[in-house]
Amino acid sequence: MPRELPITRTRNIGIMAHIDAGKTTLTERILFYSGKTYKIGEVHEGTAEMDWMAQEKERGITITAAATSVSWRNTRINIIDTPGHVDFTVEVERSLRVLDSAIAVFDGVAGVEPQTETVWRQADKYAIPRICFVNKLDRIGADFARCVDMIRTKLFAEPLPLQIPIGVEDAYRGVIDLVAMKGMVWGDDEGRTVEEIEIPSELADAARAHRESMIERLSDFDDALMHKFLEGAEIGADEIKAAVRAATLSATLFPVFCGSALKNKGVQPLLEAIVDYLPSPKDAKPVQGHSIENEDEMVSRDASDKEPFCALVFKIMSDPYVGKLAFARVYAGHFKSGDQVLNVAKNKKERIGRILRMHANDREDIGEAYTGDIVAVVGLKLSATGDTLCAPEHPLLLERMEFPNPVISVAIEPKTKADQEKLISALKRLEDEDPTFRVKLDPDTGQNLISGMGELHLEIIVDRLLREFAVKANVGKPQVAYKETIIKRVEADHVYEKEIGGALQYGHVRISMEPAKPGSGLVFENALRDGAIPEEVVPFIVEGLKDGMASGVIAGYEMVDVKVALTGGSYRENDSVDVAYRIAANMALKDGARRADASLLEPVMKLEVVVPDEYTGDVINDLNSRRGKMERLDMRAGLKIIDAHVPLSEVFGYATAVRSLTQGRASYTLQFSHYDVVPRNVMEGIVARITGRSY
């Protein structure tokens, strides 16, 4: 089957933002105006096409990234609508990894919010071009200029307004297009018809000033434009568009549009901008991967159907009708149903069953996928998130994705013996789907512990177990995923000498330990000077250190951020064995940690509370009682904004508390910030509770 459209007529975009900024509402309008749907779906009514999960419809939030495709001006636009809640940030991360560009949606009242900063940094990591859409300009307190300024000051980005609003709050009715210098208003309730008008006289001066500022900034990207601007010559719309595209593709400037998705205003110009300014797969840099023969050698593939096939699996989903779906982005070449492909990470060949184009949870069979396509594949039994698929004769390994570690756990056990097998099977499928969801067996209690990114994350997992997989289970209270570290430098020495099966096993290791930078894990240095231990034994010593780091000395949590130097030891020709050095290193590390003021580390959350002024004191007092540290107090649209850092263990059930304190008038957002040392008095209570002994 030949390609329907040339690759230059493809756009792969993500819709990203803070929760409740209007991402899904905007996506629903894009579906409607492009003719993909015949009726506008509403999030608050539970009729949104993209929020297809039962949990999404009930809560009115996006939980899983949903893919769809629409057509506009003879261009296929592949869209991934991502969640805004921090607990599901993995969905944003893996979506941005395979997309060419994104639309960042901002609440016109709130502006840049905490999760906006997170998703913007994720997009920065992959250096993808973005368009900004300031939404909800019809709401009381909306301020377009302030939002633009917040993009500059909070995101450290350079916004380029291509529109300014006509009216604001309840007087909002349209936009002024600064490129074409014309007004645009929406006549009917469904926003189907866009009427071009003269720029209102009261906005004419502001429009001219904004346009001049826009052209001045664009002149850095187009010499001809700069000459015309300096000479005061007339500059055409096509010349401006070319410069905007160049600036956008370089991710240097970020065009800003405005509207109200809920009131059906401002969406069609955004669709035009996607086609005009955002990159096709051809505009992106050639994808690079590691050579299989030489890991240090990089191999690149151009975005072309003629190149050898290469794709990245970025999401796994369980479908009740077709089984395991592997979502993949095709970076080069093409493949069809029945083809055999190589899973490079597993070094196994797999056969493509069916290729599907997804619209939320609806499926359309297609016979073949080409460069730039984002599709779902049926039949891949071994593939997991981050695996590379390629032509067996031309292997290369694309960079895998990195995901954050879980910060919260709960114990879960089946209610009946009949549910035991179902629970294990369901947890395995959910773990395959979500790289931030982990399952492990507690060796002390024999219970299954499930871990995730927050209370809501685990709540959704448990809800899916009950509904989707029909597993009856008991769930314990949330537990914090603590870690352990050391505070001061020490030296440790351990001799392991034991007779086993008539043979003496000997290992002697001397190490120094000191705190390392946060996030560095285990930092090992081979500081042997006198050759007291043969080099071939050193890898076993490192393994022993890793064994010791896996469970610390305070309460059995993983130990992190420790620098260990191997400074000495001894070796006996006849008695020394590899396993003895592994055990000696493990014990030396444990001995040293006990004398190095080992401490617990706890996850600390970044908390933003939006609260009416009269309740500010009560909320701050409550945060102080939760060991919270105030960072900043601001005003926004008549409301106080409290920024604080609070230990995760202190914010369980915070939703109920803040609702009670403010009569339901406050809102808040939580996201993981960092790990910090637990105060000594608090640590004693934690250790006593977990281990049943004093510390």
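One-based numbering along the sequence shown. The shown structure was predicted, so the numbers you read here are calculated from the model rather than taken from an experiment.
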Colleague: Using only atom types and a distance under 3.5 Å, with no angle test, would you say the side chain of Ser213 pairs donor to acceptor with the backbone of His210?
Modeller: no
Colleague: So, taking the atom named CD in Glu433 and the one named OG1 in Thr385, what distance separates them when rounded to the nearest 0.5 Å?
Modeller: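 One gets 9.0 Å once the value is rounded to the nearest 0.5 Å.
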Colleague: List, one per line, each side-chain donor-acceptor pair under 3.5 Å for residues 166-177, sequence neighbours excluded.
Modeller:
residue : atom : partner : partner atom : Å
Glu169  : OE2  : Gly141  : N            : 2.7
Asp177  : OD1  : Val179  : N            : 2.9
Asp177  : OD1  : Ala180  : N            : 3.3

Colleague: Are Glu239 and Lys228 close enough, and set up right, to give a salt bridge (charged side-chain N to carboxylate O under 4.0 Å, His left out), and what steps lead you there?
Modeller: CA-CA 10 Å; Glu239 294 173 280; Lys228 281 194 170 186; 3.0 Å; yes
Colleague: Taking NZ, NE, NH1 and NH2 as the nitrogens, is one of them in Lys182 or Glu198 under 4.0 Å from a carboxylate oxygen of the other?
Modeller: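 No, no charged N to carboxylate O under 4.0 Å.
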Colleague: OG of Ser95 to OH of Tyr126: how many Å apart, nearest 0.5 Å?
Modeller: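 That separation rounds to 10.0 Å.
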Colleague: Hey, is the main chain of Val109 close enough, under 3.5 Å, to the side chain of Arg146 for a donor-acceptor pair?
Modeller: yes
Colleague: Should the pair Asp276-Arg245 be classified as a salt bridge under the 4.0 Å nitrogen-to-oxygen rule?
Modeller: no
Colleague: Using 4.0 Å as the upper bound for N to carboxylate O, is an ion pair formed by Asp100 and Lys285?
Modeller: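 Between Asp100 and Lys285 there is no salt bridge, as every charged N stays at least 4.0 Å from the carboxylate O atoms.
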Colleague: Quick one: does any side-chain atom of Asp222 pair with a main-chain N or O of Ala242 as donor and acceptor, under 3.5 Å?
Modeller: no
Colleague: Working to the nearest 0.5 Å, report the span between CD1 of Ile13 and CG of Leu96.
Modeller: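 Separation between the atoms: 11.5 Å.
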Colleague: For the side-chain contact (heavy atoms from CB on, under 4.5 Å) test, which of Arg357, Met358, His359 pairs with Thr68?
Modeller: His359
Colleague: Could you tell me whether Arg329 sits above the aromatic face of Tyr331, with NZ or CZ closer than 6.0 angstrom to the six-membered ring centre and within 45 degrees of the axis?
Modeller: yes
Colleague: Going from OG on Ser219 to CD1 on Ile240, what distance comes out if it is rounded to the nearest 0.5 angstrom?
Modeller: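 Going from OG on Ser219 over to CD1 on Ile240, the span is 11.5 Å.
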Colleague: Tell me if the centroids of the rings in Phe106 and Phe133 come within less than 6.0 Å of each other.
Modeller: no
Colleague: Checking side-chain polar atoms at under 3.5 Å, does His645 have a donor or acceptor matched by the opposite partner on Ser673?
Modeller: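 Judged by distance alone, the side chains do pair up.
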Colleague: Checking the side chain of Thr82 only, and the main-chain atoms of Ile15 only, is there a donor and an acceptor separated by less than 3.5 Å?
Modeller: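 Yes, Thr82 side chain to Ile15 backbone: donor-acceptor pair under 3.5 Å.
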Colleague: Answer yes when Lys136 and Asp138 have at least one side-chain N-carboxylate O distance shorter than 4.0 Å, and no when they do not.
Modeller: no
Colleague: Could you check whether Glu117 pairs with Lys606 (Lys NZ or Arg NE/NH1/NH2 to Asp/Glu carboxylate O, under 4.0 Å)?
Modeller: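 Answer for the salt bridge query: yes.
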Colleague: What is the minimum heavy-atom distance between Met214 and Leu178, and which atoms define it?
Modeller: CE-O, 3.7 Å
Colleague: Would you name the heavy atoms of Leu661 and Asp618 that are closest together and state the gap between them?
Modeller: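 Reported closest heavy-atom pair: CD1-O, 4.1 Å.
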Colleague: Apply side-chain contact (heavy atoms from CB on, under 4.5 Å) to the pair Tyr654 and Val609, showing each step before the final yes or no.
Modeller: CA-CA 11 Å; Tyr654 187 65; Val609 188; 3.8 Å; yes
Colleague: Determine yes or no for a side-chain-to-main-chain donor-acceptor pair under 3.5 angstrom, with Asp373 supplying the side chain and Val330 the backbone.
Modeller: no
Colleague: State plainly whether the residues Lys315 and Glu91 are in salt-bridge range, i.e. N to O under 4.0 Å.
Modeller: yes
Colleague: Would you mind checking if Arg217 and Glu158 are paired as a salt bridge, meaning a charged N to carboxylate O distance below 4.0 Å?
Modeller: yes
Colleague: Taking the six-membered ring of Trp120 (Phe, Tyr or Trp), confirm whether the NZ or CZ of Arg130 is under 6.0 Å from its centre and within 45° of its axis.
Modeller: yes
Colleague: Check this for me, if you would: do Asp149 and Arg152 make a salt bridge, where the nitrogen-to-carboxylate-oxygen distance has to be below 4.0 angstrom?
Modeller: yes
Colleague: Determine yes or no for a side-chain-to-main-chain donor-acceptor pair under 3.5 angstrom, with Ser71 supplying the side chain and Arg76 the backbone.
Modeller: no
Colleague: Atom CG in Asn264, atom OG1 in Thr25: separation rounded to 0.5 Å?
Modeller: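 Rounded to the nearest 0.5 Å, the CG-OG1 separation comes to 10.0 Å.
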Colleague: Taking NZ, NE, NH1 and NH2 as the nitrogens, is one of them in Lys23 or Asp81 under 4.0 Å from a carboxylate oxygen of the other?
Modeller: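 So Lys23 does not pair with Asp81 through a salt bridge.
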Colleague: Does a side-chain N-to-carboxylate-O contact under 4.0 Å join Glu93 and Lys125?
Modeller: yes
